[in-house]
Amino acid sequence: AWQSPFDASRLFLMKDDHTPGDYGKFDPLGLSKNRDEEWLDVHRLRELNNGRLAMVAITAMVVQELNTGLNLILSDEVLEMKGGGALKAMEAQCAGTA
């Protein structure tokens with residue numbers, strides 16, 4: 001997909017015939033055998049949209065953590081708290097009742 005890294009004038013440029021996001025076969029496991037091109041186009045678009053939604057979701061999670069200061073994945077805090085009531089204590093802390 002990239003131009004030759006040995007030509008300084010073409011460094012970090014994509015090849016002229018490259019289509020962004022097209023890295024070969026869409027279905028490497030062969031799950032879409034005997035399907036027509038229209039069916040593949042629909043599923044390619046769905047896969048693209050799912051990837052975009054996942055990027056938006058992880059961005060929102062990071063922004064929420066930065067905004068509130070609370071981690072969404074509580075593993076480190078729960079391990080540090082020890083004891084049987086660690087999850088209840090973390091829940092109370094998140095709810096603001098601790």
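Scope of the values below: all heavy atoms of this structure, side chains included, with no hydrogens, waters or symmetry mates.
Under the rule for a side chain to side chain donor-acceptor pair (under 3.5 Å), the partners of E37 that lie at least two apart in sequence or sit in another chain are R44.
At least one side-chain heavy atom of L45 sits under 4.5 Å from a side-chain heavy atom of N49.
Between the CG atom of D41 and the CG atom of D36 there is a distance of 9.0 Å, given to the nearest 0.5 Å. The CD atom of E47 sits 12.5 Å away from atom CG of L40, with the distance rounded to the nearest 0.5 Å.
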